[in-house]
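Each remark here refers to the structure printed beneath this line.
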Amino acid sequence: MNKYLSNVIEDTKRKHASEPEFVQTVEDVFSSVEPLVNAHPEYEKFDILGRMVEPERMFIFRVVWMDDNGEYHTNRGWRCQFNGALGPYKGGLRFQKNVNESIIKFLGFEQTFKNALTGLPIGGGKGGSDFDPAGKSDAEILRFCQSYMTALYRYIGPDVDVPAGDMGVGKREIGYLFGQYRRLKGVWENGVITGKGLSYGGSLIRPEATGYGAVYYLEEVLEHENDSIEGKRIGVSGFGNVAWGIMKKATQLGAKVTYVSGPDGYFYDPDGVSTEEKISFIEHMRATDPRHCKPYADKFGVEFVPGTKFWGVKDVDVYMPSAVQNDVTLEWAEKILESGVKYYIEVANMPTTNEALAALRRKEGLIVAPSKAVNAGGVGVSALEMSQNSERLVWSAKEVDEQLHRMMKNIHDVSMKTAEEFGLGYDLVAGGNIAGFKKVAEAMLEQGVF
Ligand code: GLU
């Protein structure tokens, strides 16, 4: 391996020994960009890799809130402004019990390259809290969000850092966070946050964008293989906002999501989650009980298998892991390899462990697409929301959807061409990583010492 590259990886492992997810993502991205680093000796001279793994800054703050019984709770909040070479820091906030510094940092690192792939002027950031939204009342969520924003507001702004949602942060939380920002600053800067409600500057198609974008990307892959989406059966892990968007778009295009998993097991619906009633029920499950997908099986009378995942089933055409990081371990990857399914399209951030990903990528005839490309439509439409806010206009759903579609086509094409340029064939993982990295590196080099 390139000496400079391996030195930076070793250094990262040493400095971040207690941050396994962050080390994992650095190793993943850096193992892909080796041909690029070999071709650009100036990266070493200007220490681009060393700079790339160090966030520009990261805040940790206390978030104190009172529950409905008048009891005090103290959580920890983070915002990581990872890389601002391409634009204001941009990325979501994750509220989840298991969130820690390693997770925020890995997500911020990935976000930097993902955002670069959108082709829009956004840098990479991420934030969150170890607050557990499960079972909290609306008033408790409101108080938590107000306290969170009170700690954060002075570090963000429409030209500085623009948070959005992620797991545990949806339209309701975004509304409370924006309300508190406006109250504290006394200005109308709705471009400070994205994923807003339509009444105060949200973008049409934003809720659907990540899932729709993933399906548009899948269509490009299928087209490359002289195949089509019509009739495809898709297995999706998770039933959050992203999976919901996939179900809607897949249905519109004549495909269907037949397997869905949650923390409690998975269900199999041979007809697909493809009626309005079923798709709305998914939304309802997400809002009321995100830890169980069994209620779907009970309601629609389909098979439910508790306590396991469906990876390895043979009666699908496409796997789309859309739940959490490290969902697919080597053990599951081996089952996927045995299944003979041809398309493995990552959607969630880092859903595959590095060894599982390596095993999948080695398999001749299996097409693997990386999440930083596939799920970039979400943040891409967030950037379009920022444009609409600065223009003080609202674009039509058709216009946003068309731009999203073009963006996803472009991301696929750039990834494909970049891999070809480096003699790697149709390698979407390497192509996506190299293309995103190259863009950020160029901007960093041109901006001097920062
Ligand atoms: N959390 C989403 C992501 O990972 C959206 C971020 C955004 O819209 O800024 O890309």
Side-chain angles (χ1 to χ4, degrees), residues 21 25 78-84 86-96 99 103-129 133 152 156-171 173-174 177-178 190-197 201-214 217 238 240-246 321-325 346-351 370-389 400 403-404 407-408 411 432 436:
E21 290 86 358
T25 192
W78 290 268
R79 184 71 186 168
C80 176
Q81 298 180 337
F82 214 110
N83 193 311
L86 296 181
Y89 310 103
K90 181 85 198 83
L93 298 173
R94 181 175 290 192
F95 292 171
Q96 208 175 44
V99 162
I103 290 180
I104 297 297
K105 229 182 253 180
F106 115 66
L107 289 166
F109 185 73
E110 281 282 285
Q111 195 86 42
T112 300
F113 307 113
K114 177 201 311 197
N115 293 5
L117 281 173
T118 66
L120 296 166
I122 41 178
K126 201 82 186 191
S129 173
L152 185 64
I156 60 176
D159 295 316
V160 182
D161 181 356
V162 183
D166 197 87
M167 289 174 192
V169 179
K171 186 168 161 255
E173 289 74 16
I174 293 292
L177 290 163
F178 175 66
N190 63 354
V192 69
I193 195 161
T194 62
K196 297 182 291 293
S203 175
L204 288 159
I205 306 293
R206 177 64 190 88
E208 294 87 352
T210 313
Y212 279 21
Y217 187 100
N241 170 263
V242 178
W244 166 81
I246 292 174
S322 312
V324 286
Q325 61 270 10
E346 289 191 334
V347 187
N349 294 308
M350 202 166 76
S371 54
K372 70 168 68 61
V374 178
N375 75 26
V379 74
V381 171
S382 273
L384 302 181
E385 183 172 331
M386 289 160 70
S387 302
Q388 294 170 71
N389 295 154
V400 178
Q403 289 212 37
L404 169 65
M407 192 187 314
M408 298 316 298
I411 293 173

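As the structure lists them, so they are numbered: ligands from 1, and atoms in each ligand from 1. Keep in mind it's a predicted model, so treat the numbers as computed, not measured.
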Discussion item. Please report whether the ring centroid of Phe82 lies less than 6.0 Å from that of Phe109.
Written reply: yes
Testing the basics here: between [X] and [Y], what is the closest heavy-atom pair and its distance to 0.1 Å?
{"X": "Arg206", "Y": "Ser382", "value": "NE-OG, 2.9 Å"}
{"X": "Lys196", "Y": "Asn190", "value": "NZ-O, 2.8 Å"}
{"X": "Asp161", "Y": "Pro88", "value": "N-CB, 4.3 Å"}

Worksheet item: Does the pair Thr194 and Lys90 meet the rule for a side chain to side chain donor-acceptor pair (under 3.5 Å), with working shown?
Response: CA-CA 9 Å; Thr194 62; Lys90 181 85 198 83; 3.0 Å; yes
Worksheet item: Measuring from Ile104:CD1 to Leu93:CG, what's the distance to the nearest 0.5 Å?
Response: 8.0 Å
For a distance cut-off of 3.5 Å, show me each N or O of ligand 1 paired with any protein N or O, plus the separation.
from	atom 1	to	atom 2	distance (Å)
ligand 1	1 (N)	Lys126	NZ	3.4
ligand 1	1 (N)	Gly165	O	2.9
ligand 1	1 (N)	Asp166	OD1	2.8
ligand 1	4 (O)	Gln111	OE1	3.4
ligand 1	4 (O)	Lys114	NZ	3.0
ligand 1	4 (O)	Lys126	NZ	3.0
ligand 1	8 (O)	Arg206	NH2	3.0
ligand 1	8 (O)	Ser382	OG	2.5
ligand 1	9 (O)	Lys90	NZ	2.7
ligand 1	10 (O)	Gln111	NE2	3.1
ligand 1	10 (O)	Lys114	NZ	2.9

